[in-house]
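A short write-up of the structure that comes next.
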Amino acid sequence: MSVRKLKPITPGQRFRVVNGFDAITTDKPEKSLLAPKKRTGGRNSQGKMTMRYKGGGHKKRYRIIDFKRDKQGIPATVATIEYDPNRTAFIALLNYQDGEKRYVIAQNGLQVGQNIVSGSNVAPEIGNAMPLSDIPLGTIISCIELRPGQGAVMARSAGSFAQLMARDGKFATVKLPSGEVRLVLMNCMATIGVVSNSDHQLLVSGKAGRSRWLGRRPRTRPVVMNPVDHPMGGGEGKSSGGHPRSRKGIPAKGYRTRSKTKASNKYIVERRKK
């Protein structure tokens, strides 16, 4: 895990910081686990733009990831650690003993040739997936299910992790990457370890063109719009602005939008810090 600073031989490379890709072992994905990925450009079925600042970008193919880890009790060998253009984390190709191949989110420290397994009564080692009821308290975990059998939905991005704090009745208390402390059912699966590519936060694109390669179009600042377009627009010269808010008028910076009657409120022990 490292980053490289490029020599400033062009203006776009002067400040660019790129991933060292030390952990990556191959640049050829497994063909049987690829699926086509169509771009929408932010348009709906009528061709109307419903999401601004999207479009263009390099062609991608989707890697089919096993978020459920439901192949229980069958050991698998890590064949490769690969780059995935659809996510910030690296992925690992697993070769199961019965011949099946699957991609999973790679954890920090996962090595080619290492054996990992999912299920109850397995060792709490990096890459192994197990129910929260079997994981020792205080363990660093990632790729956590919210409902049993749903597949991992929490702590999946590069460098993210959660911590198992306590168990009580049929619920486990988990501290999430945002700082929120939440109750999760004990028969939900989680993977041991921190998600790979923790240096992702250190990358610097270096030029606007790289955002275009990623499918992001230039974003117009609200203060330069007209009043008809945004609540923060209008005014003579630089006198526009006002209180920071969204295009729909919802205040930014601390305004709480979560519903007070939301069903899952009772599972949140402590809200995330502002």
Side-chain angles (χ1 to χ4, degrees), residues 1 21-37 60-164 172 174 184-198:
M1 302 300 297
F21 292 115
D22 297 345
I24 300 296
T25 60
T26 181
D27 57 356
K28 296 277 191 298
E30 171 62 36
K31 272 190 177 178
S32 63
L33 297 172
L34 293 177
K37 190 165 186 276
K60 297 175 184 176
R61 283 182 295 175
Y62 183 74
R63 276 75 170 158
I64 298 165
I65 309 287
D66 176 22
F67 286 116
K68 294 190 176 182
R69 297 296 295 271
D70 53 1
K71 209 168 171 67
Q72 301 198 354
I74 303 173
T77 306
V78 178
T80 57
I81 306 289
E82 298 179 22
Y83 169 77
D84 186 348
N86 305 295
R87 63 195 73 253
T88 54
F90 296 143
I91 56 175
L93 179 64
L94 303 186
N95 288 345
Y96 283 90
Q97 283 188 353
D98 61 0
E100 190 178 350
K101 294 183 177 183
R102 288 190 183 184
Y103 275 129
V104 295
I105 299 288
Q107 270 64 37
N108 261 351
L110 204 63
Q111 302 287 335
V112 171
Q114 185 176 329
N115 284 337
I116 62 176
V117 66
S118 65
S120 300
N121 305 318
V122 302
E125 295 170 356
I126 287 175
N128 286 355
M130 47 208 298
L132 291 171
S133 56
D134 294 354
I135 299 174
L137 294 182
T139 305
I140 297 297
I141 54 177
S142 55
C143 299
I144 308 158
E145 287 183 330
L146 200 51
R147 290 189 288 277
Q150 179 191 16
V153 293
M154 298 184 288
R156 293 184 351 185
S157 61
S160 63
F161 61 90
Q163 189 172 18
L164 181 62
V174 178
V184 183
L185 280 167
M186 285 229 262
N187 47 352
C188 288
M189 298 286 282
T191 306
I192 308 296
V194 181
V195 179
S196 56
N197 196 17
S198 51

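Everything numeric in this text was worked out from a predicted model, so none of it was measured.
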Treating [X] as the side-chain partner and [Y] as the backbone partner, does any N or O pair qualify as donor plus acceptor under 3.5 Å?
| X | Y | answer |
| --- | --- | --- |
| Arg87 | Pro85 | no |
| Glu145 | Met189 | yes |
| Asp134 | Asn121 | yes |
| Gln72 | Ser118 | no |
| Ser142 | Ala155 | no |
| Thr88 | Ser157 | no |

About how many Å separate [atom2] of [Y] and [atom1] of [X], when rounded to the nearest 0.5 Å?
| X | Y | atom1 | atom2 | result |
| --- | --- | --- | --- | --- |
| Ile192 | Gln107 | CD1 | CD | 9.0 Å |
| Leu164 | Ile135 | CG | CD1 | 6.0 Å |
| Glu100 | Leu94 | CD | CG | 10.0 Å |
| Lys101 | Leu93 | NZ | CG | 6.0 Å |
| Ile141 | Asn128 | CD1 | CG | 13.5 Å |
| Thr80 | Tyr103 | OG1 | OH | 5.5 Å |

Considering all heavy atoms, the nearest [X]-[Y] contact:
| X | Y | result |
| --- | --- | --- |
| Val195 | Ala89 | CG1-CB, 3.4 Å |
| Asn86 | Arg63 | ND2-N, 3.8 Å |
| Pro75 | Gly73 | CD-O, 3.5 Å |
| Arg102 | Asp70 | NH1-OD1, 3.0 Å |
| Leu132 | Ala190 | CD2-CB, 3.9 Å |
| Val122 | Ala129 | CG2-O, 4.2 Å |

field: Residues Lys71 and Asp66 bridged, charged N to O under 4.0 Å
entry: no
Are [X] and [Y] close enough that some pair of their side-chain heavy atoms sits under 4.5 Å apart?
| X | Y | value |
| --- | --- | --- |
| Ile65 | Asp84 | yes |
| Thr26 | Glu82 | yes |
| Val174 | Ile144 | yes |

- prompt: Can you find a side-chain donor-acceptor pair between Ser196 and Asn108 that sits under 3.5 Å?
  reply: no
message: With a 6.0 Å cut-off (strictly less than), is the heavy-atom count around CZ of Phe67, excluding the residue itself, greater than 12?
response: yes
message: Can you classify the ring geometry of Phe90 versus Phe21 as parallel (below 30°), tilted (30 to 60°) or perpendicular (above 60°)?
response: tilted
